[in-house]
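Structure record follows, encoded as structure tokens.
Note that ligands are numbered from 1 as they come in the structure, with each ligand's atoms numbered from 1 the same way. Keep in mind that the numbers below use all heavy atoms, side chains included, and drop hydrogens, waters and symmetry copies.
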Amino acid sequence: MSITPVDILEYKNSNKKITMLTAYDYSMARMIDAAGTDIILVGDSLGMVVLGYDSTVPVTVEEMLHHCRAVSRGTKNALLVGDMPFMSYQVSKKEAVRNAGRFIKEAGCDAVKLEGGKEMAATISRIVKAGIPVMGHIGLTPQTATALGGYKVQGKDLESAKKLLKDAEAVADSGAFAIVLECVPDTIAKLITEKLTIPTIGIGAGVWCDGQVLVTHDLVGMFDKFCPSFVKQYTKLSDEITGAIKTFIQEVNSGDFPDKDHSFAGDEEMAKRLS
Ligand code: KIV
């Protein structure tokens, strides 16, 4: 039996930390799942990390569903959350419910995530009423980063901290089972975590959140275009991969690859007769 949104809520009550990581393909999903991660998020960070866009804005529902299906095939235990891309839930509540439903019916997700605070509360409530668990996301919301003045820490002054708190409460009251806090000062994240009955999952939001999420490509050092300051890189796979590829090129050029161990030995006599 895989992890459910009810389990995630229960983790908060029993002070068990929640781990969430992103995956965009089958192989990575298998590794993240086997390691024991609680939640796998097919984030719309897909757009930047895998598809090479400059932001998450261009990502489409079809692109998300394609990758969610692959991740779903590699996920056995974790709760699988699909990120709703920009403009798939803002136009109308009806469209939001229909698109959220596609993540569940067509892509094997257990829940969806969407960005926004108070202004998204009614939409979250409609999706939840349709029977689809929703994870909220406030603070730095990359889909609307331009409107927020860029990729900046949110809630640094009293007014914006108050707004964050109200947004968090609105998302929780609308029926979300968890909420991502992105780029929020740790003291404000602590306050929100204490006030809400649903778990907070932080990214650049300090140690007091109920859980932590990172983009896996950042954690393992596979995305080298930039690395946010809150990311801890546990390894640097891009160096290892580039090194392995360089060795392959050298060995092909020198004739060291493929050697006998990596070839199928044929019958030399038969080859002579054929020539
Ligand atoms: O798209 C994403 O990967 C996210 C996480 C960073 C929370 O939204």
Decide yes or no on salt bridge (charged side-chain N to carboxylate O under 4.0 Å, His left out) for Asp167 and Lys163, but give the supporting numbers first.
CA-CA 6 Å; Asp167 281 339; Lys163 183 183 177 308; 2.7 Å; yes
Can you confirm whether the side chains of [X] and [Y] place a donor and an acceptor under 3.5 Å from each other?
X     : Y      : answer
Thr4  : Asp7   : yes
Glu63 : Tyr24  : no
Asp44 : Gln143 : yes
Thr75 : Asp33  : no

In a table with atom names and distances, give each donor-acceptor pair under 3.5 Å that connects a side chain of residues 265-275 to protein atoms at least two apart or in another chain.
from, atom 1, to, atom 2, distance (Å)
Asp267, OD1, Glu269, N, 3.0
Asp267, OD1, Met270, N, 3.2
Ser275, OG, Lys272, O, 2.8

Which protein residues have a heavy atom closer than 4.0 Å to any atom of ligand 1, listed by chain and number?
Thr22, Leu41, Gly43, Asp44, Ser45, Asp83, Lys113, His137, Ile203, Val215
